[in-house]
Amino acid sequence: MKRKLLVATGGGDCPGLNAVIRGIVRRASLEPDWEVYGSIEAYNGVMSDPFDIVRLDNRSVSGIHVRGGTIIGTTNKGNPMEYPVLQPDGTYKSEDRTDFLIERMREFGADALISIGGDGSQRISKALYDKGFNVIGVPKTIDNDLSATDFTFGFQTAVQIATEALDKLVTTAASHNRVMIMEVMGRDAGWIALHTALAGGAEICLIPEIPYNPAVVLDQISRRYSRKRGFVNIVIAEGATPLSGEVTGQVSQELGYQHVHLGGVGYRLQQELKACGCDADIRVTVLGHTQRGGTPTAFDRVLATAFGVYSFELVLARQFGRMVSFRNNTIVDVTLEEATAHYNHVDLDCYQMRTARGVGISFGE
Ligand code: F6P
């Protein structure tokens with residue numbers, strides 16, 4: 001009898017997920033004893049009755065490395081550790097359904113699971129492994145906020161998309177003498193903003209790791225306008241906060257969604273600058289989910305494919321409870337414990353920060 005490997009993609013989608021799936025399937029096809037299956041919409045597919053699971057073979061993954069998204073779907077509302085269960089009185093209560101999930105995976109006959117996801121998903125991977133299931137984690141997120149890997153796939157694609165948008169904003173800012181504020185994703189880490197500001201030559205970059213002072217930002221703007229004409233491009237991370245303030249966003253009304261919907265800090269900054277007396281025209285662009293869409297860059301395709309192949313090789317070697325990682329220009333693996341131990345904030349002394357300061361980018365501090 002063949003061994004069954006289950007693959008799930010969890011959390012927000014990310015360019016490169018399909019390339020990981022293809023890497024796993026193609027590598028597994030070299031081993032006659034293995035079959036690969038995908039659980040539809042993270043773990044919902046394996047927890048539903050009947051199973052919503054698809055067979056993944058070389059034919060079904062042909063050419064998918066080029067496509068964004070994930071062919072097996074995903075969700076960020078189905079955390080099995082805090083699963084919303086409808087109660088008789090019509091309310092919902094969170095329940096830990098990891099035992100049930102393991103039972104269902106065993107019923108399906110899965111010998112092992114490769115879980116492709118961000119920090120939340122890898123916490124679930126760890127819980128499943130601690131309960132005795134054979135799990136390998138693959139890190140994914142455009143935010144690059146997992147500290148156990150130098151880069152996650154999807155990050156470079158997001159930076160490329162944001163940089164191209166910034167390039168476009170620069171020409172219109174210059175023509176109109178305007179201040180352009182571009183808000184990018186990244187949750188509580190400023191990596192996308194920092195890389196985009198560097199690549200696109202922004203004057204000001206505001207990140208969650210350095211609370212900004214609107215008066216200082218205005219001072220920087222005024223200096224640029226001290227000659228007759230001027231323009232300023234500001235990249236602001238969605239998780240940035242003013243010195244005396246919280247993040248800008250909304251508590252989610254979506255059932256099972258566990259994050260605050262971040263967004264709107266660009267508009268907040270516009271108001272703060274106006275309140276401080278900024279007389280230049282200010283326009284705001286919020287890039288939103290465009291940063292997660294479309295074709296992954298070549299770098300992300302290579303990284304994602306390498307993660308896919310390596311993760312299957314960990315399954316073959318029975319090295320469970322580990323997450324693949326990219327460190328010092330090679331693929332390695334770390335324990336799931338290490339994978340989830342620390343959040344990857346921008347280190348204020350990293351080379352990107354020193355470079356940004358070296359080319360005169362202001363952080364509004
Ligand atoms: O974690 C990836 C990410 O795109 C964040 O940058 C962003 O805050 C969040 O997901 C958006 O999530 P959703 O797709 O649920 O709106």
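The model shown is predicted, which means the values in this text are computed figures rather than measured ones. Remember, it's 1-based here, ligands and their atoms both numbered in the order they're listed.
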For this session: Scan side-chain atoms only and decide if S222 and D219 contain a donor-acceptor pair under the 3.5 Å cut-off.
Result: no

Exercise. Could you walk me through whether L128 and T98 pass the side chain to side chain contact (heavy atoms under 4.5 Å, CB included) check?
Worked result: CA-CA 7 Å; L128 297 174; T98 45; 4.0 Å; yes

For this session: Report yes or no: is the cationic atom of K4 (NZ for Lys, CZ for Arg) under 6.0 Å from the centre of the six-membered ring of Y37, at an angle within 45° of the ring normal?
Result: yes

Exercise. Measuring from each atom of ligand 1, which residues have a heavy atom under 4.0 Å away?
Worked result: N76, I142, D143, M185, G186, R187, E238, Y257, H289, R292

Exercise. Does R268 come within less than 4.0 Å of E238, counting only side-chain N to carboxylate O?
Worked result: no

Problem set entry | Cation-pi, Y83 ring and R97 (6.0 angstrom, 45 degrees) | yes

For this session: Determine, for F153 and R301, whether the Lys NZ or Arg CZ falls below 6.0 Å from the six-membered ring centre while staying within 45 degrees of the axis.
Result: no

